[in-house]
Amino acid sequence: MPAPNRLVALLLLCCFTISGLDAQYRVSTREGSLFVQGADAGAVFTVNGEAVSATPAGDGLLLTVEPGIQLLHSGDQTELYHLSAQEGPDQLRRIPLWLSILPPLIAIGMALIFKEVIISLFAGIWVGAFIAGGLRFEFFLGIIKALLAVVDTYLIDSLNDSGHLSVVVFSLMIGGMVAIISRNGGMAGVVHRMSKYATNPRRGQFVTWLLGVAIFFDDYANTLIVGNTMRSVTDKFRISREKLAYIVDSTAAPVASVAFITTWIGAELGYIGDGIAQVEHFADSTPYAVFIESLKYSYYPVLTLAFILYLIYQRRDFGPMLTAETRARTTGVVKATSTEEDAGSEQEDLEPVRGAPLRARNAAIPVLTVVVMTIIGLVDTGLTSLHQGMENPPGTSDWGAVWASLDGNFFVKLGLIIGAADSYVALLWASMSGVLVAMALTIGQKIMSVEQTVGSLTSGFKSMFSAVMILTLAWALALTTEELHTATFLVELLGDALNPYFLQPVIFVLAALISFSTGSSWSTMAILYPIAIPLTWTVAMISGWDEPAAAGLFYNVISTVLAASVLGDHCSPISDTTILSSLASDCNHIDHVRTQLPYALTVGSVALACGFLSTLLGGGWFVCLSLMAAGLILLWFVVRTVGKTMEMDL
């Protein structure tokens, strides 16, 4: 059995052997609410993470709740129930919390086994809807209702989100822009220019890596721009689509997650701020200062970027990636496709139109427009947001006036602005601007008519439809994991290791598992930061650590949550960035996941060891930099010893 399949089977076995929590109370229904028999008046209950008022009633408490899924927590007890709106003896159903892990595991397992993502995601959502419906069969009517809920509830709710719709529109616009600059000869001109620098497979991969690092401000923009731009270049040198997708995916989130000024910074600072608000020691610290201090523990992002360079420089690969690269170099088949995929890909003709001039500027100018407009959008929305939130705002909302009213040096001000920015709005502005510039260049030079240009635009939209379907299904699956409190189950399962020295590796594994199961690094950070930050400080203090040592562990855990979230995101076939990387590189999605997984786990293992040793050795810049250097050396020798040289690169 392949390694990914063995992993899924092991996780399923573990889940099925875990029993529910021992009930301290007997929960039933009364007057359409939850009645907790045996609970005294002083007991505190939360339902779905929020405190609820408890009314004494007989020998227990009455909790007023709405019908649906109810995560009941009191003391050390956490239980999941489904309350039906229809009264009767079966109105309340207890759902074992471990069942919450089934929807993502089924989706991931089926995707890895059958190599078909859409059906796998749909099956995961269906199972999640059935569990969330209270496991009610009702002579198979419950199963049919769950099937219908996939469409009328989860798919609709996944699109009923401005952020999700912004990503869909942004992706469509980028796809349309790429189609235009491909048809007008601009992309071919870029390939011609790049050929002067990318004269062999090694240099072609290095240029791809360099562009991935250069477009650091947003992982979505990074993925779509670099993947689409470099695909023709890497195809020329018979670099497999799997390798292109890996380089694109592994330079996007790692760079965006640790760079000072990115679309990630606002969310990261918000999550960190929520956490440190619960720690009195850091009452005078800003989230940005805490984030900067934690960067010395950012082993996974840095080691991932270096690992790619090692693979490129040494011309070595291993595992499924070696098979893909060998196929591409020896046969020229850069993408392992099925007959259906080949037929689908032939529907879109993105070759330059007859007589189109191969001018690189016709592609470079629209792409640069996207980059510049993203930055302008971030600055504009950030300054507007800060101006609206000021107690004593300046008389005008001009950029200069708002900038002057901010406290701190240049980088602190810039961090505040990007942190307050609306990245979705910035990306929409940027993608629309890129499309308009591409159309203006094409029509203005009479390369294509207006009708042909609009036709190319719609062809680009059409090429993105498959990715939009997968993204929508992935978001719908994430709704089921949120509704069933999958993250709570994982925290309960792995969150009991309270030895300070083992806290960092436990949180690393926990964050990676949550991110892998939910397909979202952002939601993982949102879940874990408010829990892990105060927990780390409390455990360190209870264990008798002094404040400097506790602060080192504190910063280490903050960086660990971020790094492990990115690792789980890289390994998960239901991650939106992984899906977009496959799309932008025109690579079979499951092939991308299978070839990237060994590389991500290799770097993740070294990063986990470095994080654990940094706690043992007391942390600090010297220790962290020394461990970073040791990790870099170790990965160099891993590539050297495990990887096999691609002789055809010489």
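Both backbone and side-chain heavy atoms feed into the values below; hydrogens, waters and symmetry mates do not.
V370 and T374 get closest at one heavy-atom pair: O-OG1, 2.6 Å. Taking each heavy atom of C571 and L601 in turn, the nearest pair found is SG-CD2, 4.0 Å. S431 and F170 get closest at one heavy-atom pair: CB-CD1, 3.5 Å. In this structure, L484 and L97 approach most closely via the heavy-atom pair O-CD1, 4.1 Å. The shortest non-hydrogen separation linking T223 to A252 is OG1-CB, 3.4 Å. For the residue pair L479 and Y154, the shortest heavy atom distance occurs at CD1-O, 3.5 Å.
Side-chain atoms of V566 and P254, non-hydrogen and from C-beta on, do get closer than 4.5 Å to each other. Contact annotation: the side chain of I131 approaches that of P103 to within less than 4.5 Å [non-hydrogen atoms, C-beta and beyond]. Side-chain contact between F291 and I558 is absent, with no heavy atoms from C-beta onward closer than 4.5 Å. Within the 4.5 Å cutoff, side-chain heavy atoms of T472 are placed close to those of L159. Looking at heavy atoms from C-beta onward, R594 lies in side-chain contact with D591 at the 4.5 angstrom threshold. For the pair W209/M230, no side-chain contact is recorded, criterion being any heavy-atom separation below 4.5 Å from C-beta on. F122 has its side chain within reach of V150: a pair of non-hydrogen atoms, C-beta onward, lies under 4.5 Å apart.
Using a 3.5 Å distance cut-off with no hydrogens or angles, the side chains of N556 and S294 do not pair a donor with an acceptor. Looking only at atom types and distance, the side chain of S298 has a donor-acceptor partner in the side chain of S559 under 3.5 Å away. For the residue pair T615 / Q504, no side-chain donor-acceptor distance below 3.5 Å is found, with atom types taken as modelled.
T480 places a side-chain N or O within 3.5 Å of a backbone atom of L477 that can act as its donor or acceptor partner. A donor-acceptor contact shorter than 3.5 Å links the side chain of S585 to the backbone of S581. With hydrogens and angles ignored, the 3.5 Å screen pairs no side-chain donor or acceptor of W429 with any backbone N or O of L378. No donor-acceptor pair closer than 3.5 Å links the side chain of S575 to the backbone N or O of S572. In this structure, the side chain of S250 does not engage the main chain of I247 through any donor-acceptor pair within 3.5 Å. Side-chain atoms of T595 do not come within 3.5 Å of backbone N or O of M321 as any donor-acceptor pair. The backbone N or O of G382 sits nowhere less than 3.5 Å from a side-chain atom of S385 that would complete a donor-acceptor pair.
When each of H589, E242, R241 is tested with S582 by the rule side-chain hydrogen bond (donor to acceptor under 3.5 Å, both in side chains), just one qualifies, namely H589. The side-chain contact (heavy atoms from CB on, under 4.5 Å) with P301 is formed by just one residue from the set L295, V258, L567, L562; it is V258. Across F508, Y297, F502, a single residue satisfies ring pair (Phe, Tyr, Trp, His ring centres under 6.0 Å) together with F612, and that is F502.
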Problem set entry | Candidate pair V168 and W475, rule side chain to side chain contact (heavy atoms under 4.5 Å, CB included), full reasoning | CA-CA 12 Å; V168 169; W475 289 327; 3.8 Å; yes
Exercise. What's the verdict on side chain to side chain contact (heavy atoms under 4.5 Å, CB included) for V557 and I533, showing C-alpha distance, side-chain angles and the deciding distance?
Worked result: CA-CA 7 Å; V557 165; I533 288 177; 5.7 Å; no
Problem set entry | Verdict with reasoning, V290 to F554, per side chain to side chain contact (heavy atoms under 4.5 Å, CB included) | CA-CA 9 Å; V290 171; F554 179 86; 4.1 Å; yes
For this session: Go through D569 and T577 one step at a time and tell me if the side chain to side chain donor-acceptor pair (under 3.5 Å) criterion holds.
Result: CA-CA 8 Å; D569 190 275; T577 51; 2.5 Å; yes
For this session: Evaluate the criterion side chain to side chain contact (heavy atoms under 4.5 Å, CB included) for residue pair W621 and E293; output intermediate values, then yes/no.
Result: CA-CA 10 Å; W621 280 102; E293 188 67 28; 4.0 Å; yes
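Classified by interplanar angle (parallel below 30°, tilted 30° to 60°, perpendicular above 60°), the ring pair H570/Y300 is tilted.
To the nearest 0.5 Å, atoms CD1 (I507) and CG (L608) are separated by 12.0 Å. For the atom pair S565 OG and L513 CG, the distance stands at 11.0 Å (nearest 0.5 Å). Here L244 contributes atom CG and H592 contributes atom NE2; the two are 9.5 Å apart, rounded to the nearest 0.5 Å. D249 CG to Y599 OH: the interatomic distance, rounded to the nearest 0.5 Å, is 14.0 Å. To the nearest 0.5 Å, atoms CG (L386) and NZ (K413) are separated by 11.5 Å. Summarising the geometry, atom OG belonging to S166 is positioned 4.5 Å from atom CG belonging to L428; distances are rounded to the nearest 0.5 Å.
No more than 12 heavy atoms of other residues, nucleotides or ligands shown are found within 6.0 angstrom of CH2 on W126.
The pair D317-K243 counts as a salt bridge, with a side-chain nitrogen and a carboxylate oxygen less than 4.0 angstrom apart.
Between W545 and Y501, the ring centre distance stays below 6.0 Å.
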